[in-house]
Each structure stands twice: as structure tokens, then as C-alpha cells.
Number of protein chains: 2
Amino acid sequence: MAGIDEVARLAGVSTATVSRALSGRGYVSDATRVKVAQAAQDLDYVVSSNASSLASGRTRNVGVVVPSLNHWFFASVIEGAESALLRQGYDLTLYNLTGGGEERKSVFDHFLLRQRVDAVIAIGLELTEAEVSSLHAMGKPLIGVGGAIAGVFSLTMDDVAVARLATEHLLSLGHTRIAHIGGGKEFDLDFHLPSNRRIGYEGALRDVGIEPDPGLFRPADFTLPGGYEAAKQLLGNPHNRPTAIVASSDEMAIGSVLAARDLGLHVPHDVSIVGIDDHQLSGFFGLTTVAQFPRRQGEQAVEALMEYLEPGKDAPASAGVPLPYELIVRSSTARPPQ
Amino acid sequence: MAGIDEVARLAGVSTATVSRALSGRGYVSDATRVKVAQAAQDLDYVVSSNASSLASGRTRNVGVVVPSLNHWFFASVIEGAESALLRQGYDLTLYNLTGGGEERKSVFDHFLLRQRVDAVIAIGLELTEAEVSSLHAMGKPLIGVGGAIAGVFSLTMDDVAVARLATEHLLSLGHTRIAHIGGGKEFDLDFHLPSNRRIGYEGALRDVGIEPDPGLFRPADFTLPGGYEAAKQLLGNPHNRPTAIVASSDEMAIGSVLAARDLGLHVPHDVSIVGIDDHQLSGFFGLTTVAQFPRRQGEQAVEALMEYLEPGKDAPASAGVPLPYELIVRSSTARPPQ
DNA sequence: ATGAAAGCGCTAACAC
DNA sequence: GTGTTAGCGCTTTCAT
């Protein structure tokens, strides 16, 4: 727990110089920079982040707000953000809003405003105007991932195009009775992904002259059991059984695969199923899917933030680049029966 | 961004009194406490955590170190810890060590030592002696969850008893050829859960006079595909097919269920399968399992820390209480065939 | 390129 | 019970 003054003494310079040498701002000759670095190392010196933050106004810490941790997408984005932040010497403090209203209010009213963070990343969350403006008023950059926030720079996939791509894959195989398992209305509140994906699905159908059949749409909750239920209904219908399903998430798609099996239907011989995500289990289930890359999204969010936070640093300038997605064809899709 | 002095002025007291009134330490009359609280609220005052930390030496922040986020157990423990910390007014800063050696070193050498955290919780990680002692030297309480750390207070399940319970459930149904899918040696390095569970499994068998058959043990990697592979081998063996499987995790158990199905075996009619965890998908698969409660473990870790950190506060005194576990019987286990 | 010195906003003795 | 005051350990003008 050596202090900056001990380092200064050992290096034979002033504390001001030590600060400059170690932080990299301001002029320091190469010679002293080396001397200081050596002294710091010898003493196992590590800056006190509190003292540093108090004096400089920068905390080198970013807050990450998520609706839940136990979810592949959120966890992956956080992992990506964490490792990018670590590389930049930043800490990540996590605010999980699973608890609901009270918790959320307390996070915004007390925690994020304590000068603890330089910026915040909101994942899969639609913030209220009040929340956004209170952060804004504090001068804290805010960036959204996986869900557009009004008036805030957000990394968000082109959900319409993604669902369209999945649907086009099935159309190109010759399917015409294609069902869709999407999110229910309750998921549309927080980000419009469900409707956007439905729009993409319907758009692809209409483009080839097929009018979407409302009977071939089922809402579900993005979980595997939810997808299972929905697919059971779709595939068990005696009159209008689809030959293919586009599910809005891989977990729902996997649920659909299991539902098909339980009905004695063979995937992809009797029914083709495509998901969206490229979840870690999708390979195992042979699921054809449109991959998104959440780890990368976390990294990209951090890169974008760094441009605000460290102007003139090695700016990766990745902001504004549209998020990539990619069709991955496995064994859950094929030409329709006969 | 009002400061403490403005609050003091508005309330007509000194800054010291404001500090005392808001933090709850030291004597303040009820009347002034109310006045101060009102003034603080009127001004939207929030303490600057940096200034407060610098002056007091306490950060009200705890570091949580995990090997990975994208895993049910870790994510659940973190969720539990996060919400418990929030209630106590603490922040959680997350250190994810997925990246490996370099990242890990940097976390320990630079991040945790920056006076940023008051304590650290290590989840599912075996820390080296050097890591433990550097934290110790800084006077930072350290507590482990899900993996005993030498010389450190850890919350850890009685893995022997848990595996024994799962095995006894099968024995009591009349099974005698019971296989075990456990962790490979590589997982034993970080915490001895795999061997302990195997010991529990073998102990239960020996207690009823059955000598464990090494041919009925398969190592796997705790994942669903890993469990699938292992179960395929076990169940495909023409000579010594087990009538039941104890898997060391629910994900491996679910993989086993799928393997059985793919072989045309009916669960539980042809083969019984029991897991350990009570993973979120276990209900869906009808899996009999021994539940552990990771959220609760995260909360308990925080409660234990608070006893160090806030002596004399409402101590939940939960430390040292053994972690609960519970057999949950669903539809994946039954009497053996005929 | 480097040093001196004035804070950053709060807490904790200590005095009353 | 409350006020006064001296720091906490750094960063950053401003000189030089």
C-alpha cells in the first residue's frame, strides 16, 4: 500500500511527475517515465482509485444495467463488455434489475448518481425519459445494447432483416406454409424486437406473393418451454400444419424441435425449424439459425464509449457500424415433405 | 449535484452533522436527522462515493470474481449477491476471469488492489495462495462460494451427501446397476466437487453392499452435450447397461435424457435419470434432481461479509449454516424395468 | 519537462 | 448532540 509520495521519493521526482508519468497525461521525459515506472513496480504501487477519482472527476468505472443475468444474451454481452473494459483499465459495476420497480428506482436514484461511474451501458432495457435525462444531466454518456432507447445511441440489430433472412432461407427451400413463433405483446414494451421480427417474416412472405396467415403465428415468451408449447399447437393442428417454423429465438426453436419429436415428426424431414441467436446449445441440436454476436456487441459498446471518455485515444471508431448477423445452416432445415 | 455543504446550509447545521445524520453513525437528534434528510431530498443530494471512500476508507463496494458468466450457477449466485448488496447500499463490481491467465493476473495485481472494494466474493474458483494472501494483506475479507478455498471461509455444499442422496433415491426404488456421470479430472483442480460427488455415489452403493463398477462411471464436462455423449456410451453398452444414471449436474442429466430418447429408451420406464442442481430447465424435462439454491448462496455470502464489514448491524448470522439441498422427485425416475 | 501548492467532497477526531 | 478542523491520496493548474 505504498503511496504516490513514496514512489516520488524513490524515483527522485515530485508526486506531480509521478502522476503524469503513470497516467500518461502531460509531458514527461522518457527517462523519468521509465524511472517512475520502475519505482512504482518496486513498491507494488497501485493508485488509489478513490483519491484519483476525487481529484480528477474520472472514475474509470462504467455501470452496466441489465434486466437479468441468467440469460444467454445478457450474460454474453456483459462478458464482452467486461473484457473490453478490463483491457482499457476500467472496472464494470453491475446493476441487475431483476427485482423490479423498487430496485430499479433505487439504482437510478442513488447508485448511478453517486459519481461511481463515468458512463452507463444499458442492456436489453428501455429506459424511461426520466432515467435517461437524469443520467444526461449528470453528463454521463449512456449507450444501449439490444434495444433502442429513444434519443440514445444504441447498438441494435436490424431485426427486420434478420427475421427476413431466416424466412427467405425457408422460402428458398420451397416452403410456403411457414409459421412464426414470436414474442408476445409484453415483450414489445421494452424493445420492439418481437414486432420487428414479425415484420421481417411477413415481409419476406409478401415479397414472394404469400399473404401471412395469422393462424400460423403464435406468441411465446422466448424460453424453451414457451417455444415447445407454441410449436405443439402449431404442429398439432389437423388442418393447416406448417411445413416450417421461424422462431424468434434459438431457445424457442429448440423447444420447437423437441415438440416436433414428441409429436413423432421428424426434423427436418417433416418440418423445418430455424431460430435466431446462435445460442450455445444450437450446434448440439443441429439448429439452423441466424447468428448474432452478443460478446462482440458488448465490446463494441465499450469501444463506442471510449470515444466519449478518452477522446484522442486509440479510437476504434466502431460506433455506427451496423451489427453483423449471419445465417448458419445446420440440420434442422430442408426441402418440404415430398 | 449539490454538495454536502449546501445541504448543511439548507438544514442549518454543519457538514459534520449532515454526514452523521445521513450515514447513521454518531449521535444526531431525531429532529435534526429529519431536517437533514429533508434538505438532502430537496436538493437531490447524493454522497460522492469517492470523497466518502477516501475520507472513511470504506468503499461500500464489493468485488465479485467468477470464472464465467454464461453459466446458470454463477449467474444465479451473482444475482443473489447483487440483490443482497443493493439492499445494504453496496455496489458490486464484477471481474470475469474467462479470459484466462493474463486477465486473471491483471485483476489481482491491479484491479482488486486499487482500494475499490471492501471485500471480495470468489465464486467457483480456487484462488492461489498468493492471490489469497495479497487480498489478506490488504485487509480485505474474502469469501468463497461453490468451491472451498484453503484457509478461507467458504460456502460450499456437502457434495458427498448430495450425491449420496441422489443415489439412495435410485437404490430405494430398487435399482442396482446405477451408473454415474461425473466431472473429469480437469474439473477437480478448481474445486473437488467431482470427486466428492463420486465418493457420495460410491458410498451409497457400498452401504447396501454393492461394489461400484468402474465401467459404470463416465467423466464429462458438465455440459448438456457432454452428458449426452457419456450417456450414449453407458446406455449403448450391450453387456452391462445400467438401469439408472446419477449425473453430477442437471445439464448432463438432461443430455442423458436426450441420449436415452435417441436410443429409443423410455425414461423412466427403461432407464431412470437423476441430476443435481435444479436448473431452470429441469422442470420442463421432468428431471428428478437434488436442488441446490445458488441465489440463496449469493445472498448468504453477502450476509456473511456484512458481519465483517458492518459489525453490530442487523447481523443475519447465517455464516456457518450448512447449505441446504433437497431431493425433488419428478418424472425421470421410477422402479427399474420389471 | 518538472515542482509547489491548492483543492476534489467528504469523514472522524476532538472540542465544546 | 453539534461544530471545527485536519486530513484521506491523488490531479492539475500555474510557475519556473
Side-chain angles (χ1 to χ4, degrees), chain A residues 1-37 39-40 43-61 89 110 113-118 138-139 309-310, chain B residues 1-37 39-40 43-61 89 110 113-118 138-139 309-310:
Chain A
M1 283 249 319
I4 198 175
D5 47 349
E6 301 181 48
V7 178
R9 204 174 315 131
L10 182 58
V13 296
S14 72
T15 60
T17 300
V18 173
S19 173
R20 279 190 287 252
L22 261 25
S23 72
R25 26 189 123 243
Y27 296 100
V28 185
S29 74
D30 283 349
T32 41
R33 191 190 309 286
V34 171
K35 253 191 330 197
V36 170
L43 295 170
D44 284 333
Y45 171 74
V46 185
V47 291
S48 155
S49 56
N50 287 311
S52 170
S53 300
L54 181 58
S56 69
R58 272 173 266 98
T59 64
R60 297 186 79 79
N61 186 195
H110 300 302
L113 304 178
R114 285 201 294 198
Q115 309 242 59
R116 269 255 162 106
V117 301
D118 288 339
M138 304 277 314
L309 260 25
E310 317 245 342
Chain B
M1 281 247 320
I4 198 174
D5 46 352
E6 301 181 50
V7 177
R9 203 173 321 129
L10 182 57
V13 297
S14 72
T15 60
T17 301
V18 173
S19 172
R20 278 188 289 250
L22 261 26
S23 72
R25 29 187 121 245
Y27 296 100
V28 185
S29 75
D30 282 347
T32 42
R33 189 190 310 285
V34 170
K35 254 193 323 198
V36 170
L43 295 170
D44 284 332
Y45 170 75
V46 185
V47 291
S48 154
S49 56
N50 289 310
S52 170
S53 300
L54 183 57
S56 68
R58 270 174 267 98
T59 65
R60 296 187 77 81
N61 187 196
H110 299 301
L113 305 177
R114 286 201 295 195
Q115 310 242 59
R116 267 251 164 110
V117 300
D118 288 339
M138 304 275 316
L309 259 27
E310 317 246 345

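As the structure is a computational prediction, the values presented were derived from the model and not from experiment. Convention: sequence-line order gives letters A, B, ...; per-chain numbering from 1.
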Steps toward side chain to side chain contact (heavy atoms under 4.5 Å, CB included) verdict (B/V13, B/V18): CA-CA 7 Å; B/V13 297; B/V18 173; 3.8 Å; yes
Sugar-phosphate, base or nothing in reach of A/R114, heavy atoms under 4.0 Å: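 Nothing, no heavy atom under 4.0 Å.
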For A/V13, report the nucleic acid contact type (base, sugar-phosphate, nothing); a contact means any heavy atom under 4.0 Å.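 A/V13: backbone/sugar contact only, no base atoms under 4.0 Å.
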May I have the distance from B/R58 (atom CZ) to C/dC10 (atom C1'), rounded to whole angstrom?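 These atoms are roughly 12 Å apart.
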Can you find a side chain N or O atom of A/S19 that sits less than 4.0 Å from OP1 or OP2 on D/dC10?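 For D/dC10, neither OP1 nor OP2 has a side-chain N or O of A/S19 closer than 4.0 Å.
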Side-chain N or O of B/R60 closer than 4.0 Å to phosphate OP1/OP2 of C/dT11: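 It does not, given that no N or O in the side chain of B/R60 lies less than 4.0 Å from OP1 or OP2 of C/dT11.
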Within the side chain of [X], is there an N or O that forms a donor-acceptor pair under 3.5 Å with the backbone of [Y]?
{"X": "B/T15", "Y": "B/D5", "answer": "no"}
{"X": "A/T59", "Y": "A/S53", "answer": "no"}
{"X": "A/N61", "Y": "A/V117", "answer": "no"}
{"X": "A/D118", "Y": "A/R58", "answer": "no"}
{"X": "B/R33", "Y": "B/V28", "answer": "yes"}

Kindly state which residues belonging to residues 22-33 of chain A come within less than 4.0 angstrom of DNA chain D, counting heavy atoms of the residue only, listed by number.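 Contacting residues: A/R25.
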Pair A/R60 + A/E310, salt bridge at N-O below 4.0 Å: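 Yes, A/R60 and A/E310 are salt-bridged.
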Euclidean distance, [Y] [atom2] relative to [X] [atom1], rounded to 0.5 Å:
{"X": "B/S29", "Y": "B/K35", "atom1": "OG", "atom2": "NZ", "answer": "7.0 Å"}
{"X": "A/D44", "Y": "B/L113", "atom1": "CG", "atom2": "CG", "answer": "8.5 Å"}
{"X": "A/L54", "Y": "A/S49", "atom1": "CG", "atom2": "OG", "answer": "11.0 Å"}

Output all residues satisfying side chain to side chain contact (heavy atoms under 4.5 Å, CB included) with B/S14, sequence neighbours left out; order by chain, then residue number.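 B/A16, B/T17.
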Partner set under side chain to side chain contact (heavy atoms under 4.5 Å, CB included) for B/S48, not counting sequence neighbours: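 With neighbours one apart ignored, the set is A/Q115, B/N50, B/A51.
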Pairwise N/O distances under 3.5 Å, protein to nucleotides 7-9 of chain C:
unit_1	atom_1	unit_2	atom_2	d
C/dC8	O2	A/A55	N	3.3
C/dG9	N2	B/A51	O	3.3

Might you point out which heavy atoms bring B/V36 and B/V7 nearest each other, and give the distance in Å?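 Nearest heavy atoms, B/V36 then B/V7: O-CG1, 4.2 Å.
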Axis-to-axis angle across the helix from C/dA1-D/dT16 to C/dC16-D/dG1, five pairs an end, to 10 degrees?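 Roughly 30°, once rounded to the nearest ten degrees.
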I'd like a table of atom pairs between the protein and nucleotides 14-16 of chain D - only N or O on both sides, under 3.5 Å - with the distance next to each one.
none

